[in-house]
Protein chains: 2
Amino acid sequence: MESIFKKKKMSATPFRNEVLAIFNKYNSAIPLSIIEDELKSHNRITLYRTIKIFLEKGIIHEINLNGESSNYALCKEECGDNHNHQHIHFKCSICSQVTCVDIDRFPKITLPNFKIDQLEIQANGLCEKCNN
Amino acid sequence: MESIFKKKKMSATPFRNEVLAIFNKYNSAIPLSIIEDELKSHNRITLYRTIKIFLEKGIIHEINLNGESSNYALCKEECGDNHNHQHIHFKCSICSQVTCVDIDRFPKITLPNFKIDQLEIQANGLCEKCNN
DNA sequence: TTTAAAAATGCAACAATGTTGCAATTAATT
DNA sequence: AATTAATTGCAACATTGTTGCATTTTTAAA
């Protein structure tokens, strides 16, 4: 299996491998603070640049929920250039985890006179684990 | 007509009136930078506190789109404590305006094993004005 | 209308977050 | 192995947001 960095024509550096490994370790979306904690030596500047490049290259996507710092999660293979994921971003009000949840029928929305290119759906409530 | 500040049991200060007037002047959601520009004398600290209180009291709501600073827009009368607006947040890719667009049938989404309390829908594309 | 209590404001100082230029280092290419 | 291209890390800075506290303004009460 080919490295994602080679596929995206990016240099495969130890730092990037470490960040990627952290994303793989988590099943949920994570904020920068978690990545910093997990990194052996965390250089804020390099991390910011790494995140920015991962976003540009479509390795991760950004999730902005109200009143929170950004979260980041790995993109699916199928994710095109416009990050058109067929999932919703779910924030559990108990465990606070942000997860990408696949959904069977992604809603279609039409607005008179508008042209909708992209939809982003966010939900709050109780996640699988906390809703029992 | 009773002042919104009286209704919300808040002091009606000149600063708050000025900020409220700015919100009323715009039909769209606006970032802090626009409010600062419009204010006669803009004290950053007071503005931050004003915005925070407006949010808490349900006078405005926050809109966080990916890769942008927060936007703020007036709440509708019917908006309850949980800011459960029946509208979507639309960002035009040409004019960049963020608007709250009412929608007839707000989609219902169910996820097995999850309990969804609140939905937030964001859309990108061309707005009424730019889509012609 | 004056007074007392409560709330909001503004300054200073700080904390957190994010960016840029540039030299040194590391990775990829030949 | 050598050259080129890209990445890293430091320093310095810019932006964004917060807190304590004294002053001022608003509101409520007499």
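Convention: sequence-line order gives letters A, B, ...; per-chain numbering from 1.
Per the geometry, CD1 belonging to Ile51(A) stands 14 Å off P belonging to dT17(C), to the nearest Å. Atom C1' of nucleotide dT17(C) and atom CG of Asn71(A) are separated by 15 Å, given to the nearest angstrom. Atom CG of Asn64(A) is separated from atom C1' of dT17(C) by 14 Å (rounded to the nearest Å). If you take CD of Glu68(A) and C1' of dT17(C), they are 16 Å apart, rounded to a whole angstrom.
Listed for the Ser93(B) side chain is a donor-acceptor partner under 3.5 Å among the backbone atoms of Gly125(B). Side-chain atoms of Ser11(A) do not come within 3.5 Å of backbone N or O of Thr13(A) as any donor-acceptor pair.
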Inset, instruction - Decide ring-ring contact (aromatic ring centres under 6.0 Å, His included) for Tyr26(B) and Tyr72(B); before the verdict, give the C-alpha distance in whole Å, the side-chain angles of both, and the deciding distance to 0.1 Å. - result: CA-CA 11 Å; Tyr26(B) 283 84; Tyr72(B) 302 93; over 10 Å; no
Inset, instruction - Starting from the C-alpha separation in whole Å, work towards a yes-or-no answer on side-chain contact (heavy atoms from CB on, under 4.5 Å) for Lys91(A) and Ile63(A). - result: CA-CA 10 Å; Lys91(A) 165 85 187 286; Ile63(A) 303 161; over 6 Å; no
Inset, instruction - In sequence, state the C-alpha distance, the side-chain angles, and the governing distance for Ser69(B) and Ser33(B), and then conclude on side-chain contact (heavy atoms from CB on, under 4.5 Å). - result: CA-CA 9 Å; Ser69(B) 54; Ser33(B) 58; 6.0 Å; no
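For Gln122(B) and Glu120(B), the side-chain atoms include at least one donor-acceptor pair closer than 3.5 Å. Ser70(B) and Asn64(B) are linked by a side-chain donor-acceptor pair at a separation below 3.5 angstrom, with hydrogens and angles left out of the test.
Side-chain N/O atoms of Thr13(B) include one lying less than 4.0 angstrom from OP1 or OP2 on dT9(C).
Backbone-only engagement by Leu32(B) is indicated by non-hydrogen atom pairs under 4.0 Å involving sugar-phosphate atoms exclusively. Heavy atoms of Lys52(A) sit under 4.0 angstrom from primed sugar atoms or phosphate atoms, though from no base atom.
Leu126(A) and Leu119(B) fall into different hydrophobic clusters, where Ile, Leu, Val, Met, Phe, Trp and Tyr side chains are chained together by heavy-atom contacts under 4.5 Å.
Listed by residue number, Arg44(A), Ile45(A), Tyr48(A), Arg49(A) are the residues of residues 41-49 of chain A with a heavy-atom contact under 4.0 Å to DNA chain C.
Of all nucleotides in DNA chain D, those with any atom nearer than 4.0 Å to a heavy atom of chain A start and finish, going 5' to 3', at dA6(D) to dA11(D).
Projected onto DNA chain D by closest heavy-atom contact, Lys9(A) and Pro14(B) fall at different nucleotides, the more 5' of which corresponds to Lys9(A).
Counting only residues at least two apart or in different chains, ring-ring contact (aromatic ring centres under 6.0 Å, His included) contacts with residues 113-132 of chain B comprise Phe90(A)-Phe114(B).
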